[in-house]
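The structure appears below as structure tokens.
All chains are named by letter (A, B, ...) in the order of the sequence lines, taking the proteins before the strands, and each is independently numbered beginning at 1. Just so it is clear, the model here is predicted, and its values are computed rather than measured.
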Protein chains: 2
Amino acid sequence: MLKYSPQLDSVFHALADPARRAMVDRLVQSPASVSELAKPLSMSLPGVVQHLAVLEAAGLVSSEKVGRVRTCRIEPEALRGAERWISERRTVWERRLDRLGAVLEELEDLEETTDE
Amino acid sequence: MLKYSPQLDSVFHALADPARRAMVDRLVQSPASVSELAKPLSMSLPGVVQHLAVLEAAGLVSSEKVGRVRTCRIEPEALRGAERWISERRTVWERRLDRLGAVLEELEDLEETTDE
DNA sequence: GTGATAGTTAAGTAGATGCTTAAGTATTCG
DNA sequence: CGAATACTTAAGCATCTACTTAACTATCAC
């Protein structure tokens, strides 16, 4: 199992939950407090805090407490890492398709010249 | 919790495991049999089959059995869906940065004109 | 047919996950 | 000060996950 990345593990795992995606969705608009994040979610506050901990562990979100309010903000680099992994795979797959297409065209050309 | 997508749940969940990412990594190169997928993974064959089932449930991989060999291939559309979700969020975040930058510049201009 | 190959099915298990409620601790307001 | 706000911590619990081993089925090769 080469190039194992616990970083990707935790980012993809964090994004696999709808409540956590909703929180990310909210945070890309602007920073928010824990209760602001909780408001649209039908869940207890401690539940939200646990999701927040998962997002922070994945490096997707950072937060800072001032007074009694914890303000959360998104960390786009982690998001970018996941995006990069996917797009690299897509690139490999598309290159393969291109090579396949080229081979098929060559075969067609060969058939034409041998048939005529 | 608006626009809940079980599709994204399952795709991100599938990608959160290193063995499954390794399988995707292999399959973007070319289709492969179950045992070919299993070879680089230090895991029993039934374990691999279970991971395969997760990938298929997420729509990331499809497979077909011919004779005694099951051939697996990647389904890039599901990958693209996950990539799209991430890139949409990144776009929102970047737009916000642009607006912020514009506002800051305006403030600077105002200060200059009022100071002088 | 016999045996090897390729995969499948079933059952069990340790540990992680996604919640909950209850009971705290700070901070701010009047 | 005393009450309201904004979290935080702890504990408990049902369910899900990622494996395992053992036993089975369906090809294919001779």
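The hydrophobic clustering, which links ILVMFWY residues whose side-chain heavy atoms are closer than 4.5 Å, places A:Val69 and A:Val34 apart.
Listed by chain and number, the residues in a side chain to side chain contact (heavy atoms under 4.5 Å, CB included) with A:Ala32 are A:Arg26, A:Leu27, A:Glu36, A:Leu37 (sequence neighbours excluded). With sequence neighbours left out, A:Glu77 forms a side chain to side chain contact (heavy atoms under 4.5 Å, CB included) with A:Arg80, A:Arg84. The side chain to side chain contact (heavy atoms under 4.5 Å, CB included) test applied to B:Pro31 returns A:Arg96, B:Thr71, B:Arg73, not counting sequence neighbours. The side chain to side chain contact (heavy atoms under 4.5 Å, CB included) test applied to A:Arg68 returns no partner, not counting sequence neighbours. Applying the side-chain hydrogen bond (donor to acceptor under 3.5 Å, both in side chains) test to A:Ser87 and every residue at least two apart in sequence or in another chain returns nothing.
Side-chain N/O atoms of B:His51 include none lying less than 4.0 angstrom from OP1 or OP2 on D:dT17. The phosphate of C:dA6 has neither OP1 nor OP2 within less than 4.0 Å of any side-chain N or O from B:Ser33.
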Only pairs under 3.5 Å count here: list side-chain donor-acceptor contacts from residues 14-25 of chain B, not counting sequence neighbours, and write none if there are none.
unit_1, atom_1, unit_2, atom_2, d
B:Asp17, OD1, B:Ala19, N, 2.8
B:Asp17, OD1, B:Arg20, N, 3.3
B:Arg20, NE, B:Ala14, O, 2.8
B:Arg20, NH1, B:His51, ND1, 3.1
B:Arg20, NH2, B:His13, O, 3.1
B:Arg21, NH1, A:Asp9, OD1, 3.0
B:Arg21, NH1, B:Leu15, O, 2.8
B:Arg21, NH2, A:Ser5, O, 3.2
B:Arg21, NH2, A:Asp9, OD1, 2.7
B:Asp25, OD1, A:Arg89, NE, 2.9
B:Asp25, OD1, A:Arg89, NH2, 3.2
B:Asp25, OD2, A:Lys3, NZ, 3.2
B:Asp25, OD2, A:Arg89, NH2, 3.3

What side-chain donor-acceptor pairs closer than 3.5 Å can you find for residues 52-59 of chain A, not counting sequence neighbours?
unit_1, atom_1, unit_2, atom_2, d
A:Glu56, OE2, A:Ser63, OG, 2.8

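Of the residues in residues 6-15 of chain B, none has a non-hydrogen atom less than 4.0 angstrom from any atom of DNA chain C.
Distance from the side chain of A:Val49 is smallest for D:dT8 among the nucleotides D:dA6, D:dT8, C:dG18. Of the candidates D:dT8, D:dA18, C:dG18, the closest approach to any side-chain atom of B:Asp17 belongs to D:dA18.
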With 3.5 Å as the limit, what N/O pairs link the protein to nucleotides 21-29 of chain D?
unit_1, atom_1, unit_2, atom_2, d
D:dT27, O2, B:Arg68, NH1, 3.0

